[in-house]
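We number each residue from 1, following the sequence as shown.
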Amino acid sequence: MIGIVMTTVLSFLLFLTLSIIVYVKNRMRRKKIMKTTLGVLVFGIIVMFFVVYAFMPTITVPNMLILNVIVAVLFVPLVYGGAKVPVQYQTMHRSLSGIVILGVAVAVIGVFIYSILALQDSYDSISKSEEEEARPLNEENTPISVAPESARNKVQKAMSVVPNTQFYDLGKLQAQQIDGEIAYVAPVEFSSFWRYLRGKETEGYFTITATNINAQPEFVESKMRYTNSSFFNHNVQRVVYGKHPDYVQSGDAQIEVDDEGKPWYVQTIYKPLLFSNRPDMNDIKVAIVDPVSGDIETYDSSNAPDFVEGSVSSELAAIENEYFGKYVNGWLNSIFGKKDVKIPNESGTESSVTPIFNEAGEMFYFTDMASPKENIDSALGYTLINARTGALTYYNGQQNQGIMDSKGAVQIVNKQYPEKNWTGTMPVLYNVDGHPTWIVNVLDPNGLFKQYAYIKAADSDFAVFGDTAKQTLNAYRLQIAQDPSSVEGSQGVDLTEKSGTINRVLVTSTDSRQSVQFLLEGETPIYTVNTSKAPLAIFLKEGDQVNMQARIRDNGTATVESMQIQGIN
């Protein structure tokens, strides 16, 4: 409430200034002017209090200038009319009130110009770094999530378990780690104002595992009075505004669950740069609201409690991506020369970014970058933004250049099943054994999960579809190993000296490649050798003795780099 009162009072500075000028210049009507001014002021403050209460404008220089101009335009004429002050038309620079108005006009123009120039300052405030490529995907901790559309569809179907379900809708899904497992959390929210008046508090929240396509949602009963969908002083955004009216709230508050299962509303806020509304990426905070009591605690984003995964909102991450890509060489360059400009694609699941988790359980926002030139569907690289610190890492090594972007990957999936109308969603670029690979969820028209698609980012014709992430990953790796046109498909796996007796042999031939797969007696790994590396391998037969150098993976496949066949070599 203090923030609302403060904003309301600050919006009357110009009105009071012009009213004082009217009072000073009209000696014969001062009593009437004072009485009228006080009446208009009281009336105006009441009106503006409700306006500020409804819209919650942040206390920034641009916002206060606009509010003061609006208040002056609405209420100063009432002072003139109520006190019957004659209006004298003079040259603006010869009138004190004209000078004030001219000064305000110049200030508005100046703030507008500065807000453009501040784009460079906002870009400079981003904590950023560049790396050649991402680490190879760890199949034991495969951070592949079920698409939020699919998870939301399941939770919607489970809404009937909520008491008085007719009062509620499902809120925003938030990815986070609970008890070491990645899950989506979604609060139950009021469906309307009248439902809020009747219900007064919501019933709880849903959780559903984000890494198991067969998982079912679980409802957790936990009464919440302060929510995104509550009204008046029980609205989370209004609670945060009351304490931090000078901070911009980024997106809607999202729910996160602590180690005891208690839900909290988490709202990202940031301090704008002086004289503008542009974000200062060095001053990102997170306000955590208790949904039962309305108590609020504020932390620097990186110092938030451990249970908070996304202290930086997806909306702010999307802005950070935009500024990083467009304003690398300033605002003018983003319009005219466009040197080094990169445009973030909008294929993400939340505000054009996609939350993903690494093996350590840390959450990042993924976005691929494309050229500003039209009809170019290749990616320039991709960014990962730390969801707690806001630190941005750009991966733009040679291996990631010239590959298709996320839109191209989604189009490949969309064209695979035109008769079923299945579509691709949540494309994420991973480094699979040294190969940039798009991993895409395939959903039916109802949002139900159907398949995973692994698409080689450098070859639009190289796509593998499967029912589970592990199955599809193994099939994808096997096809890469059989493809002689592939660059080394086992980066990160050391060469091993092997020898043994051939147990089974299979020769695979296509128009573009020929490879030999075989098993050794007493071993289970499937060895693959390309005939381009070992031409005599085409003559392998059961019982042959071989000596070779191979890269053996944990998934039961191996790639042969060189081999000698006794009796042939």
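Applying the side chain to side chain donor-acceptor pair (under 3.5 Å) test to residues at least two apart or on different chains, the pairs with a partner in residues 176-186 are E181-T209. Pairs engaging residues 31-57 under the side chain to side chain donor-acceptor pair (under 3.5 Å) rule: Y53-N233 [sequence neighbours left out].
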Would you mind writing out the side-chain donor-acceptor pairs for residues 8-23 within the sub-3.5 Å range, not counting sequence neighbours?
from: T8; atom 1: OG1; to: I4; atom 2: O; distance (Å): 2.8
from: S11; atom 1: OG; to: T8; atom 2: O; distance (Å): 2.6
from: T17; atom 1: OG1; to: L13; atom 2: O; distance (Å): 2.9
from: S19; atom 1: OG; to: F15; atom 2: O; distance (Å): 2.8

Distance-only donor-acceptor pairs under 3.5 Å for side chains of residues 336-343, two or more places apart:
from: D340; atom 1: OD2; to: N329; atom 2: ND2; distance (Å): 3.4
from: K342; atom 1: NZ; to: D340; atom 2: O; distance (Å): 3.1

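Closest non-hydrogen pair, P148 versus L173, comes out as O-CD2, 3.7 Å. Across all their heavy atoms, M64 and I59 have their closest contact at CE-CA, 4.0 Å. Between S406 and P427, the shortest heavy-atom distance links the atoms CB-CG, 3.7 Å. Residues P355 and V353 approach most closely at CD-O, 4.0 Å, considering heavy atoms.
Contact annotation: the side chain of H244 approaches that of T298 to within less than 4.5 Å [non-hydrogen atoms, C-beta and beyond]. With a 4.5 Å cut-off on side-chain heavy atoms, N333 and W331 do not count as touching. Contact check for V286 versus I269: no side-chain heavy atoms found under the 4.5 Å cut-off. In this structure, D368 and L429 have side chains that are not in contact, with every pair of non-hydrogen atoms separated by 4.5 Å or more. Looking at E256 and W264, their side chains never come closer than 4.5 Å, going by heavy atoms from C-beta outward. Contact of the Y168 side chain with the S191 side chain is not registered, since no non-hydrogen atoms from C-beta on lie closer than 4.5 Å. S127 places none of its side-chain heavy atoms less than 4.5 Å from the side chain of M281. No side-chain heavy atom of S311 sits less than 4.5 Å from a side-chain heavy atom of Y299.
Between the side chains of N153 and E149, no donor N or O sits under 3.5 Å from an acceptor N or O. Between S230 and N235, the side chains place no donor N or O within less than 3.5 Å of an acceptor N or O (distance only, hydrogens not considered). Under the 3.5 Å distance criterion, with hydrogens and angles disregarded, no donor-acceptor pair is assigned to the side chains of N441 and T425.
Between the CG atom of D259 and the CG atom of D306 there is a distance of 8.0 Å, given to the nearest 0.5 Å. The CZ atom of F275 lies 10.0 Å from the CG atom of L65; values are rounded to the nearest 0.5 Å. Summarising the geometry, atom NZ belonging to K25 is positioned 6.5 Å from atom CG belonging to L96; distances are rounded to the nearest 0.5 Å. Atoms CD1 and OG, on I385 and S314 in that order, are 10.5 Å from each other to the nearest 0.5 Å. Note that CG of L392 and OG1 of T367 are 8.5 Å apart. Values are rounded to the nearest 0.5 Å. Distance check, rounded to the nearest 0.5 Å: CG of D295 to CD1 of I288 gives 12.5 Å.
Under a 3.5 Å cut-off, the side chain of N26 and the backbone N or O of R29 do not form any donor-acceptor pair. Formation of a donor-acceptor pair under 3.5 Å by the S222 side chain with backbone atoms of G204 is not found in this model. Between the E189 side chain and the G171 main chain, no donor and acceptor come within less than 3.5 Å of each other. A donor-acceptor contact shorter than 3.5 Å links the side chain of S250 to the backbone of L316. For T165 (side chain) and M159 (main-chain N/O), a donor-acceptor pair under 3.5 Å exists by modelled atom type. Proximity of a side-chain donor or acceptor of S302 to a complementary backbone N or O of T389 within less than 3.5 Å is not detected. Counting only distance, with no hydrogens or angles, the side chain of K200 and the backbone of R195 share no donor-acceptor pair below 3.5 Å. N63 places a side-chain N or O within 3.5 Å of a backbone atom of T58 that can act as its donor or acceptor partner. With hydrogens and angles disregarded, no donor-acceptor distance shorter than 3.5 Å links the side chain of N345 to the backbone of M369. Listed for the D169 side chain is no donor-acceptor partner under 3.5 Å among the backbone atoms of V188.
Using a 4.0 Å cut-off between a side-chain N of Lys or Arg and a carboxylate O of Asp or Glu, K262 and D290 qualify as a salt bridge. Using a cutoff of 4.0 Å between basic side-chain nitrogens and carboxylate oxygens, E309 and R388 are not scored as salt-bridged. At a threshold of 4.0 Å, the pair K271-D246 counts as salt-bridged, since one of the basic side-chain nitrogens sits closer than that to a carboxylate oxygen.
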Apply side chain to side chain contact (heavy atoms under 4.5 Å, CB included) to the pair T207 and I178, showing each step before the final yes or no. CA-CA 9 Å; T207 64; I178 302 176; 4.3 Å; yes

Taking it one step at a time, do I356 and L384 satisfy side chain to side chain contact (heavy atoms under 4.5 Å, CB included)? CA-CA 9 Å; I356 64 172; L384 291 179; 3.8 Å; yes

Checking side chain to side chain contact (heavy atoms under 4.5 Å, CB included) for the pair E362/F357: CA distance, chi angles, key distance, verdict? CA-CA 5 Å; E362 298 174 305; F357 289 78; over 6 Å; no

Evaluate S125 against N282 for side-chain hydrogen bond (donor to acceptor under 3.5 Å, both in side chains), listing each step before the verdict. CA-CA 6 Å; S125 71; N282 287 320; 5.0 Å; no

Would F167 and F190 satisfy ring pair (Phe, Tyr, Trp, His ring centres under 6.0 Å), going step by step from the backbone distance to the final call? CA-CA 6 Å; F167 283 13; F190 292 110; 7.9 Å; no

Verify side chain to side chain contact (heavy atoms under 4.5 Å, CB included) between H234 and Y196, making sure each step is shown before the conclusion. CA-CA 10 Å; H234 294 136; Y196 160 74; 2.8 Å; yes

From CA spacing to verdict: salt bridge (Lys or Arg N to Asp or Glu O under 4.0 Å), E315, K172: CA-CA 13 Å; E315 289 83 0; K172 176 183 177 182; 3.7 Å; yes

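Taking the ring centroids of Y247 and Y270, they lie at or beyond the 6.0 Å cut-off. Checked against the 6.0 Å centroid criterion, the rings of F219 and F206 qualify as a close aromatic pair.
With a 6.0 Å radius and a threshold of 12 heavy atoms from other residues, nucleotides or ligands, I2 has its CD1 atom at or below the threshold. Within 6.0 Å of CZ in F43 there are 12 or fewer heavy atoms belonging to other residues, nucleotides or ligands. Counted within 6.0 Å of CZ on F112, heavy atoms from surrounding residues, nucleotides or ligands total 12 or fewer; the atom is thus considered open. Counting non-hydrogen atoms of other residues, nucleotides and ligands closer than 6.0 Å to CZ of R30 gives a total above 12.
Applying the ring-ring contact (aromatic ring centres under 6.0 Å, His included) rule to Y265 yields no partners; only residues at least two apart in sequence or on another chain are considered. Residues satisfying the ring-ring contact (aromatic ring centres under 6.0 Å, His included) criterion with F50, sequence neighbours excluded, are absent altogether.
Aromatic ring pairs are classed by plane angle as parallel below 30°, tilted from 30° to 60° and perpendicular above 60°; the pair F366 and Y382 is tilted.
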